[in-house]
A.B. asks: 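Structure provided below as structure tokens; questions to follow.
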Amino acid sequence: MHNTTAMLIELGAIILALGLLGRLAGRVGFSPIPLYLLAGLAFGHGGILPLNASEEFTATGAEIGVILLLLLLGLEYSASELVTNLKTQYPSGVVDFVLNAVPGAIAALILGWGPVAAVALAGVTWISSSGVIAKVLGDLRRLGNRETPVVLGVLVIEDLAMALYLPILTALLAGVSLAGGTVTLLISLGTVGAVLYLALRHGRLISRAVSSDNAEMLLLVVLGLTLLVAGIAQELQVSAAVGAFLVGIALSGEVAEGASNLLTPLRDLFAAVFFVFFGLSTDPADIPPVLVPALLLAIVTACTKVATGWYAARRAGIQGAGRWRAGGTLVARGEFSIVIAGLAVGVEPRIGPLATAYVLILVIVGPLTARYTEPLARRLTRRYTTSAPVSDPVDAEPAKSHAQV
């Protein structure tokens, strides 16, 4: 069979399967990410029916998927919102980093993977899934709850931290010297600072230059600009994902809204391809040896994310029930964990299977903790107060919060 014909058949089968899996996940009420990963495992190296003809195209599509994920994430926030969140939520961001990145780093060192892999696994366990969490908040009708801005604030801090973390990780993975790594970090800091300054001071001018009443022109300009900036950023070892994120931040108002509406279907398509590609590049036989460490790491970091959300909500003056809901909502990991693992597999191949198993566990557990952490905490508190009658703030807010829902 001609290579082009085989590639078209494989691509058609992949995209059709993604659509069916997404529909199935929607009916069940879960994120489709674990199904995409499992599909990749089934048809990748060592799977049931390896797909070879479309591998190169799928790899390119996966790169575009990461870029679009970060671009759309940047379009969600204005520069002023990012700066405000950074000022008010940075203590919660520090707690988030310490509680959730450190377990990943320690696990990598215990497994004997070395310091570079420790930095990578720290990122895998640190960053929550913005996509999964946003969907969970909508499904549970909690967008109007008092704790929701706190959850979003923590996610924004994580997204900003990625603009610094990814260049450092990229430099480490490339084996850059200390001096070279310092230069890369300074370039990244300077780029982020310059983009935030331009977006704050001249955001309207940038948006006006990109704006177009023609949807086709707007799509081409924004997508082309994003790919160009992402490529230049990668050449400077700042990370293509960070470049795309910064483009999203620089655009605001009607332009950002219009570009988001146009690019969302493309993002969903290529992001799904990205998750499948990650599964395709992971041999299923490599997962059983790391399943126990992945499970232990998932248990530990699920608890630390609950603690993170509880602390952040407490700082914001949210009462007990909202604190537990915020903590349970932050548990899910997803796209960022896979992106980081995908960067690191060249240095430590075992991080790919472990990250796949880890994300599979927490992307399934995350919606459950979001739904049941607060009722479970309330039940346990009632048992405690039955034996020792002390007023507990956990029961102080449920009626109020559910009324907001």
Side-chain angles (χ1 to χ4, degrees), residues 33 37 62 65-67 69-70 73 92-111 113-133 154-176 181 184-185 188-189 192 233-234 237-245 274-275 278 282 290 293-294 297-298 300-302 304-305 308 330-363 366:
I33 292 176
L37 289 171
V66 174
I67 290 170
L69 275 170
L70 272 293
L73 192 61
S92 300
V94 172
V95 170
D96 182 28
F97 172 77
V98 172
L99 290 182
N100 297 287
V102 171
I106 292 174
L109 294 175
I110 291 175
L111 292 169
W113 291 357
V116 176
V119 174
L121 193 57
V124 170
T125 59
W126 173 21
I127 306 299
S128 298
S129 171
S130 300
V132 174
I133 290 172
V154 173
L155 295 177
V156 169
I157 292 293
E158 291 181 350
D159 297 338
L160 276 176
M162 283 294 95
L164 302 179
Y165 170 82
L166 287 177
I168 294 173
L169 178 63
T170 303
L172 290 173
L173 294 173
V176 176
T184 300
L185 179 58
S188 176
L189 286 170
V192 173
Q234 187 143 308
Q237 295 184 341
V238 175
S239 169
V242 171
F245 181 63
F274 165 72
F275 290 118
F278 189 83
T282 303
V290 297
L297 201 54
V300 171
T301 54
T304 53
K305 272 294 181 183
T308 298
L330 286 170
V331 167
R333 310 305 203 276
E335 58 274 12
F336 273 123
S337 298
I338 297 299
V339 169
I340 294 165
L343 293 173
V345 290
V347 173
E348 177 49 69
R350 289 171 293 181
I351 200 171
L354 187 143
T356 301
Y358 176 79
V359 169
L360 281 171
I361 293 168
L362 288 185
V363 84

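Just so you know, these numbers come straight off a predicted model, no measurement behind them. The figures here come from the full heavy-atom set of this structure, side chains too, leaving out hydrogens, waters and symmetry mates. In this chain, numbering begins with 1 at the start of the sequence shown.
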A.B. asks: Looking at OH of Tyr358 and OG1 of Thr301, how far apart are the two atoms once the value is rounded to the nearest 0.5 Å?
C.D. replies: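 These two atoms lie 2.5 Å from each other.
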
A.B. asks: Quick one: CD1 on Ile133 to OG on Ser128, what's the gap to the nearest 0.5 Å?
C.D. replies: 4.5 Å

A.B. asks: How far apart are the closest heavy atoms of Val124 and Ala355, and which atoms are they?
C.D. replies: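 For Val124 versus Ala355, the nearest heavy atoms are CG1-CB, 4.3 Å.
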
A.B. asks: Mind running side chain to side chain donor-acceptor pair (under 3.5 Å) on Thr304 and Asn100 for me, showing each step along the way?
C.D. replies: CA-CA 6 Å; Thr304 53; Asn100 297 287; 2.7 Å; yes

A.B. asks: Side-chain contact test, heavy atoms from C-beta onward, threshold under 4.5 Å: evaluate it for Asp96 versus Leu330 and give yes or no.
C.D. replies: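 No; the side chains remain at least 4.5 Å from each other.
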
A.B. asks: Work out which heavy atom in Ile157 is nearest to a heavy atom in Gly93; give both atom names and the distance.
C.D. replies: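 Looking at all heavy atoms of both residues, the shortest contact is CG2-CA, 3.7 Å.
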
A.B. asks: When you compare the side chain of Leu354 with that of Leu121, does any pair of heavy atoms fall below 4.5 Å?
C.D. replies: yes

A.B. asks: Supply the atom-to-atom distance Ile351 CD1 to Leu111 CG, rounded to the nearest 0.5 angstrom.
C.D. replies: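 Answer rounded to 0.5 Å: 10.0 Å.
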
A.B. asks: For the atom pair OH (Tyr165) and CD1 (Ile340), what is the distance rounded to the nearest 0.5 Å?
C.D. replies: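 Taking OH in Tyr165 and CD1 in Ile340, the distance rounds to 4.5 Å.
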
A.B. asks: Should Lys305 and Leu99 count as side-chain neighbours, where that means a heavy-atom distance under 4.5 Å?
C.D. replies: no

A.B. asks: Distance check, rounded to the nearest 0.5 Å: Leu169 atom CG versus Leu343 atom CG?
C.D. replies: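 It is 6.0 Å, given to the nearest 0.5 Å.
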
A.B. asks: Ignoring hydrogens, what is the shortest heavy-atom contact between Glu158 and Trp126? Give both atom names and the distance.
C.D. replies: OE2-O, 3.5 Å

A.B. asks: Does a side-chain heavy-atom distance below 4.5 Å link Val363 with Ser129?
C.D. replies: no

A.B. asks: Once you round to the nearest 0.5 Å, how far does CD1 of Ile361 lie from OG1 of Thr356?
C.D. replies: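 The distance works out to 11.0 Å.
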
